[in-house]
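Following: one structure in structure tokens, then a few remarks.
Quick note: residue numbers are just sequence positions, from 1. Predicted model only: the values in this text are computed from it and were never measured.
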Amino acid sequence: MPTPDPAAARAEVADVAPQDLPLYRDPGAPLAGRVADLLSRMTLREKVGQLNQRMYGWDAYRRTPDGGYELTDALREETDRFEGLGALYGLMRADAWSGVDHGNGPGAHDSAALAESVQRHVVERSRLGIPALFVEEVPHGHMALDGTVLPVNLAVGATWDPALYERAAAHAAAELRARGGHVALVSALDIARDPRWGRTEECFGEDPHLAARLTAALVNGMQGTPAEYFAPDKAPVVLKHFAGQGATVGGRNSAESELGWRELHEIHLPAARAGIRAGAAAVMAAYNEVDGMPCSGNRALLTQLLRKEWGFEGLVMADGLAVDRLARITGDKLSAGALALNSGVDLSLWDEGFTHLEGAVERGLVEESVLDAAVGRVLHLKFRLGLFEQPYRTGELPSYEHGRALSADLASAAVTLLRNRGPVLPVPPTVSRIAVLGPQAATTAHQSGDYTAPQRPGTGSTVLEGLRRLAPAGTDIRYARGCALTGDDLSGVPEAVAAAAASDLAVLVLGGSSARTPETEFAANGAATGAVSHMTCGEGVDLAGLGLGRAQHALMDAVVATGTPTVVVLIQGRPHVVPDSADALLTAWYPGPWGGDAVAEVLLGLAEPRGRLSVSVPRSVGQLPVHYNHKDTEYGGYVDESAEPLFGFGEGLAYTSFEYGNPSTDGHSVTVDVTNTGARHGRSVVQVYLRRLVTDVWPRTLELCAFEGVDLAPGETRTVTLRLDADLDGTRSAEVRVAGSARAALTAVPLPLPVRA
């Protein structure tokens, strides 16, 4: 980004003569000097205001009869309270919780004007002309009307393709900035350890190395090359949630966690470390506790580890109302705010506790120097965004078609084939009649995860539409819904059974949904508290079991019983337990609006199944927790059931076959030949696992330490060299294994790894 023009800054923000320009207004001055100068001019109340984002952004405006927007008294009261505004959350957020839809909210072409109107008010009400940060949810695309919706993180994890994800993240950042937003809240750090957790869909998977690679790609895509100023189409990222939120007991949202320091470091911190090394501007403290102390009040985590040991100089934001929750251990909200600030939180979200920081300073609970450091970090981010020079600047809105193509590419790369008896896929030319069945077959409403804005009618493609459009001419494709996602109504099953019996192939599209409706009951932080009939996943929707529901299982049993070859397609936000009865099984996770085409292309053989599991799929809920990188103990399994998952981490079938040659290593990297031995083009994901043999502590069975996707033509061989990413401190003997999955790695030929004594 070029250095901001001071003349433009004076014209936009302050009508002052050049010789009277204060240092903080000088774009050519060092950022540290500008921050210090501005801090020296601020009152204690103004400083406290910079650490608060109190209101919901959708309460800041209302639609006028002429189609414009006017600012509300709530916004005026909030800016008057602290003579400005530190940050505003969700100005463009649209969903059932906010109540914003296409009838009352800003779309792609008017949200920038709304953002400018709000920012002008903030700057005018600030004595020193300090602009606000507009903080937006970007979990899988900007959560705003007409924003590009990407597949959820669990689908992104299944792609094992950081480069593709980086391009998609860059597009999301460009959309955010073009519409007047500044800061992107993005789930990246949670590691899936119990699929009963409703937010499993927000995890990249169960492995820290895979999550770290994708988190770095996210930061690189959204923020660009680390620089003093952010480019107009780049957005600072708030990585959430720090740390260990995926490890709550029983898979229950915001429940207690039982994390030792070693487990935290080995499993739950590598993604955060990778994101910070890539230059992430901020992290969000998680709701859970670590060793009895909630993350938003955990000084050992936020200050000692994050700032002192890792050298992080960015912003720490608390999750919604998390600071006020600390009153449970401090006694009141004022002292809760003091605890959070002293622990390392810089910016609160909707809390009352941070509004009392003046009193906390006056009572000696907080040193003003600690408050100044937090305010300085908020101001530093505003300077890096160029907001003091161009507070109303927006970038160019990127192409809708480009965003759609990226979303479709991610969806296609995530489709994971898990079973293919016969094989029945790809659909052979002899199949002329296909029955497309199930509650997910003809709707796009449940193809996107939680945190999704309302979509305009006609957006996206269903599996049924994809098959009808892409199947060979003359193919008879008939449809029957069969049942709903939840409930016990079996009245539609006979129609589906008749359609299957009269066809050459049945495609049964089942799964779950994270879609919210206006009837959903929400907590104060937006989590669902009362699930409507179709909801089976998302924040606040945790499950005790992993079945699909009685009606879906009954439909599946009845269709399979017809004897017609059956393919089950799962549209889901977590791994579900599915009977081993269908001839073929594939999962698309929540593939986004255009996932129907992606699934149809794989079914018909127009695209190869490229996805690989980023989470293990259990045989039953009784196996939990089940993940590949458990401790290498001598204990066996259960008496009544195998301890092995139904499908393991890294697994996924192709329409071709691959062979790996004998690997070699120099201790820093591994080299192996990969050959496509089949008759079709395909993609192999080469996975390198570390197995520690002699260590200072009890080792894990396997640890992913490198991977690379390789696209090969039939008969093609390619030599692949992968750099090992593993900390070998305390390891005296180890080996690496190269395979196509964690389960295959257990039987792969071990390669001794030279390590220091």
Side-chain angles (χ1 to χ4, degrees), residues 157 159-166 204-220 265-267 269-271 273-279 610 612 614 628-629 632 649-652 658-677 682-696 699-712 716-757:
T159 71
W160 292 61
D161 194 338
L164 175 58
Y165 184 47
E166 183 173 329
F204 290 127
E206 70 184 39
D207 179 76
H209 177 76
L210 178 60
R213 291 275 301 275
L214 291 168
T215 300
L218 163 69
V219 175
N220 291 334
H265 274 265
E266 291 182 358
I267 301 297
L269 290 179
R273 191 77 174 105
I276 288 168
R277 283 173 173 160
R610 297 168 56 84
R612 301 293 184 272
S614 64
Y628 88 93
N629 49 4
D632 192 11
F649 178 79
E651 291 182 6
F658 301 94
E659 285 186 359
Y660 293 170
N662 293 323
S664 61
T665 182
D666 60 2
H668 303 285
S669 61
V670 169
T671 299
V672 64
D673 288 341
V674 186
T675 302
N676 182 344
T677 58
R683 178 177 187 255
S684 175
V685 178
V686 182
Q687 303 166 38
V688 181
Y689 292 89
L690 176 71
R691 183 174 175 86
R692 302 176 195 266
L693 302 177
V694 181
T695 67
D696 290 345
R700 299 183 184 278
T701 301
L702 291 172
E703 302 167 47
L704 182 71
C705 60
F707 67 87
E708 183 175 332
V710 185
D711 289 280
L712 297 172
E716 181 182 2
T717 297
R718 188 176 307 168
T719 301
V720 181
T721 299
L722 304 94
R723 185 182 65 84
L724 301 178
D725 182 10
D727 182 357
L728 295 176
D729 286 350
T731 300
R732 296 184 292 281
S733 176
E735 61 189 24
V736 293
R737 297 173 179 233
V738 181
S741 70
R743 185 146 37 193
L746 287 171
T747 57
V749 176
L751 180 66
L753 182 67
V755 296
R756 288 186 304 229

Would you check if the side chain of [X] reaches a backbone N or O of [Y] as a donor-acceptor pair within less than 3.5 Å?
X	Y	value
Glu708	Val720	no
Ser614	Phe204	yes
Arg737	Leu746	yes

Quick one: closest heavy-atom pair of [X] and [Y], and the distance?
X	Y	value
Tyr660	Val686	OH-CA, 3.6 Å
Ala726	Cys705	CB-CB, 4.2 Å
Leu728	Leu753	CD1-CD2, 4.1 Å
Pro270	His265	CD-O, 3.3 Å
Gly157	Leu210	O-CD2, 3.8 Å
Leu214	Pro162	CD2-CA, 3.8 Å

Using a 4.5 Å cut-off on heavy atoms from C-beta on, say whether the side chain of [Y] contacts that of [X].
X	Y	value
Arg743	Glu651	yes
His209	Leu690	no
Asn629	Asp207	yes
Tyr628	Thr701	no
Leu724	Val670	yes
Asp673	Glu659	no
Asp161	Arg610	yes

Take atom CD of Glu716 as the centre, draw a 6.0 Å sphere, and report whether it contains more than 12 heavy atoms from other residues, nucleotides or ligands.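 Yes - once you tally the heavy atoms of other residues, nucleotides and ligands closer than 6.0 Å, there are more than 12.
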
Show your reasoning for whether side chain to side chain contact (heavy atoms under 4.5 Å, CB included) applies to Glu266 and Arg700. CA-CA 10 Å; Glu266 291 182 358; Arg700 299 183 184 278; 2.8 Å; yes

If I take atom [atom1] from residue [X] and atom [atom2] from residue [Y], how far apart are they, to the nearest 0.5 angstrom?
X	Y	atom1	atom2	value
Thr717	Asn676	OG1	CG	8.5 Å
Glu735	Leu693	CD	CG	4.5 Å
Leu751	Asn662	CG	CG	9.5 Å
Asn220	Glu166	CG	CD	5.0 Å

Is any side-chain N of the basic residue among Asp632 and Arg691 closer than 4.0 Å to the acidic one's carboxylate O? yes

Are Thr731 and Thr695 close enough that a side-chain donor and a side-chain acceptor fall under 3.5 Å?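 Judged by distance alone, the side chains do not pair up.
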
Tell me which one of Tyr689, Trp160, Phe649 satisfies ring-ring contact (aromatic ring centres under 6.0 Å, His included) with Phe707.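 Only one of Tyr689, Trp160, Phe649 forms a ring-ring contact (aromatic ring centres under 6.0 Å, His included) with Phe707, namely Trp160.
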
